[in-house]
Amino acid sequence: MKIAILGTGMVGKALGTKLVEIGHRVLMGSRTASSEAGQEWRDSVNGLGQIGTFAEAAAFGEIILDCTNGANSIEALRQAGAENLRGKILIQVSNPLDFSKGMPPSLTVCNTDSLGEQIQREFPEARVVKALNTINCAIMVQPSLLPEDHDLIICGNNAEAKQEVTRLLGEWFGWKHECIIDLGDITASRGTEMYLALWVRLWGVLGTPYFNLKLVRGR
Ligand SMILES: NC(=O)c1ccc[n+]([C@@H]2O[C@H](COP(=O)([O-])OP(=O)(O)OC[C@H]3O[C@@H](n4cnc5c(N)ncnc54)[C@H](OP(=O)(O)O)[C@@H]3O)[C@@H](O)[C@H]2O)c1
C-alpha cells in the first residue's frame, strides 16, 4: 500500500518504520522536501522509505497518517493540500498540546471543539478517523508491548472509514478487533484529546509512557 506519513517526529518515525518493515511504500512528509529529520529516518530504514513535502506525501498516499505537531496540524494539512486529501482516509494521530506555558501542557482547543473536528471541518472531503492519539508511539505499532489486552478508542463521521482503519490497525500492528472501541462521530475526539490531561499525569506518576486504558465492562 502507498502510505503518507505527515510528520518527521518520533510518531511519524515509529509508524513509518513499522510500515516499511512490513513491506508498504511510505513517503514521509515535512515542511521541506529534504528535512534533516526525514533524511535521518530514511537512513534508519536503509533507504526503504521516501521523503518529501507534506503535499508530495499526501499526493502519494492512498491513506494518510497525520503525525504532525498538534498546535500546527491544520497548517501542515493546508500545506498537504485539500485536493490531496480528498476522499482519502486521514488517520488523525496528533493532539492539540500547548507547551507554551511549560508542563503539564494544556490544549489549544477543548470542551466544545477538538482538533479532530477542526480538521474534519476544514477538509470536509477527507475521511478523518481520530485514532492512536491516546497511546505512546511504541505501543501504537506494537500493542503486545503491554502484557495484557488493552483498548484503543477511535472516532470519526464515516463508518466505512472506521471499519477500514480497524482492519488496518490489526493487519499493520496487531491490534485486536475487539480491543478497538468506536466512540462515534468526530465530536468524540474531544474526549480522546482531553484524556491527554490524564495521560500526561499518569506518565509522571508511573515513570513510563508504556501504559494504556483497559476498560472493564459490567454484565
Ligand atoms: N509521542 C508520542 O508517543 C505521541 C503519542 C500520541 C500522540 N502524539 C501526538 O503526535 C503528534 C506528533 O508528535 P511528535 O512528537 O512525533 O512530533 P512533533 O514534534 O510534535 O511534530 C513534528 C512535525 O510537526 C511539523 N510541524 C511543526 N511545526 C509546524 C508548523 N508551524 N507548520 C507545519 N508543520 C509543523 C514538523 O514539520 P517539519 O518536519 O518540517 O519539522 C514535523 O513534521 C503530536 O501531536 C503528539 O501530540 C504523540
Side-chain angles (χ1 to χ4, degrees), residues 4-19 26-42 44 49-58 61 64-81 84-85 90-100 103-110 114-116 118-119 122-123 128-143 145-146 150-155 169 173 175 189 191-204 206 208-213:
I5 301 276
L6 307 183
T8 57
M10 61 188 291
V11 178
K13 285 175 175 159
L15 291 168
T17 299
K18 179 68 186 178
L19 290 167
V26 173
L27 205 164
M28 179 180 283
S30 176
R31 280 170 289 186
T32 50
S34 200
S35 68
E36 207 173 301
Q39 290 181 45
E40 272 172 28
W41 172 72
R42 188 176 54 193
S44 76
Q50 297 170 252
I51 60 171
T53 62
F54 287 132
E56 285 166 343
I64 297 164
L65 288 100
D66 169 25
C67 312
T68 57
N69 178 265
N72 298 292
S73 292
I74 294 192
E75 176 50 32
L77 289 166
R78 284 182 186 147
Q79 290 179 29
N84 294 323
L85 306 178
L90 175 66
I91 302 183
Q92 212 277 294
V93 184
S94 71
N95 282 311
L97 297 178
D98 178 0
F99 291 96
S100 63
M103 286 293 280
S106 57
L107 298 171
T108 61
V109 55
C110 64
S114 61
L115 182 59
Q118 288 180 332
I119 289 173
E122 171 112 9
F123 304 98
V128 177
V129 179
K130 187 94 195 181
L132 300 173
N133 64 308
T134 53
I135 40 174
N136 173 265
C137 54
I139 300 174
M140 292 179 197
V141 298
Q142 194 187 348
L145 208 54
L146 301 183
H150 49 95
D151 295 309
L152 180 69
I153 297 169
I154 68 168
C155 64
L169 293 179
F173 308 135
W175 279 95
S189 31
T192 69
E193 293 173 10
M194 287 193 284
Y195 165 71
L196 264 292
L198 176 58
W199 189 95
V200 168
R201 298 301 289 245
L202 284 169
W203 179 29
L206 300 175
T208 172
Y210 299 155
F211 61 88
N212 191 19
L213 292 169

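In listed order, ligands and their atoms are each counted from 1.
- Looking at atom 15 (O) of ligand 1, its nearest protein heavy atom turns out to be M10 CG, 3.8 Å.
- Around atom 3 (O) of ligand 1, the closest heavy atom drawn from C137, S73, A138 belongs to C137.
- At least one heavy atom of M140 sits under 4.0 Å from some atom of ligand 1.
- Side-chain contact between T108 and L115 is absent, with no heavy-atom pair separated by less than 4.5 Å.
- For atom 2 (C) of ligand 1, the nearest protein heavy atom (residue, atom name, distance) is V11 CG2, 3.5 Å.
- In the candidate list A76, S30, G29, S30 is nearest to atom 38 (P) of ligand 1, counting heavy atoms.
- Taking every non-hydrogen atom of N136 and a distance limit under 4.0 Å, the qualifying atoms of ligand 1 come out as 3 (O).
- N212 contributes no side-chain N or O that, together with a main-chain N or O of I135, makes up a donor-acceptor pair within less than 3.5 Å.
- For the pair F173/L15, a side-chain contact is recorded, criterion being any heavy-atom separation below 4.5 Å from C-beta on.
- At least one heavy atom of C67 sits closer than 4.0 Å to an atom of ligand 1.
- Ligand 1 does not have L196 within reach: every non-hydrogen atom of the residue lies 4.0 Å or more from it.
- Considering each of N72, L115, L77, the one bringing a non-hydrogen atom nearest atom 28 (N) of ligand 1 is N72.
- In this structure, a donor-acceptor pair under 3.5 Å is present between the side chains of S94 and S73.
- Put simply, the side chain of T134 reaches to within 4.5 Å of the side chain of L152, judged on heavy atoms.
- Among protein heavy atoms, the minimum distance from atom 43 (O) of ligand 1 is reached at T8 N, 2.9 Å.
- Residue L132 places no N or O, backbone or side chain, under 3.5 Å from any N or O of ligand 1.
- Near E75, meaning under 4.0 Å from one of its heavy atoms, ligand 1 places the atoms 32 (N).
- Scanning the protein heavy atoms around atom 17 (O) of ligand 1, the nearest turns out to be G9 CA, 3.7 Å.
- Residue-ligand proximity, G7 to ligand 1, at heavy-atom distances under 4.0 Å covers atoms 43 (O).
- Checked against the 6.0 Å centroid threshold, F211 and W199 count as a close aromatic pair.
- Between V200 and M103 the shortest side-chain heavy-atom distance falls below 4.5 Å.
- Of the candidates T68, N69, V93, N95, it is T68 that places a heavy atom closest to atom 11 (C) of ligand 1.
- Residue contacts with ligand 1, taken as heavy atom pairs separated by less than 4.0 Å, involve L97 solely via side-chain atoms from C-beta onward.
- Remark: the backbone N or O of A138 is paired with a side-chain donor or acceptor of N136 at under 3.5 angstrom.
- Counting only heavy atoms from C-beta outward, the side chains of L132 and W175 approach each other to under 4.5 Å.
- Looking only at side-chain heavy atoms (C-beta outward), S44 and R42 stay at 4.5 Å or farther from each other.
- In summary, the atoms of ligand 1 found under 4.0 Å from a heavy atom of S94, numbered by their order in the structure, are 9 (C), 10 (O), 11 (C), 45 (O).
- For the pair Q79 and T53, the minimum side-chain heavy-atom distance is 4.5 Å or more.
- With respect to atom 37 (O) of ligand 1, the closest heavy atom belonging to the protein is R31 NE, 3.4 Å.
- Of the protein's non-hydrogen atoms, I135 O, 3.0 Å is the one closest to atom 5 (C) of ligand 1.
- For the pair S34 and Q39, the minimum side-chain heavy-atom distance is below 4.5 Å.
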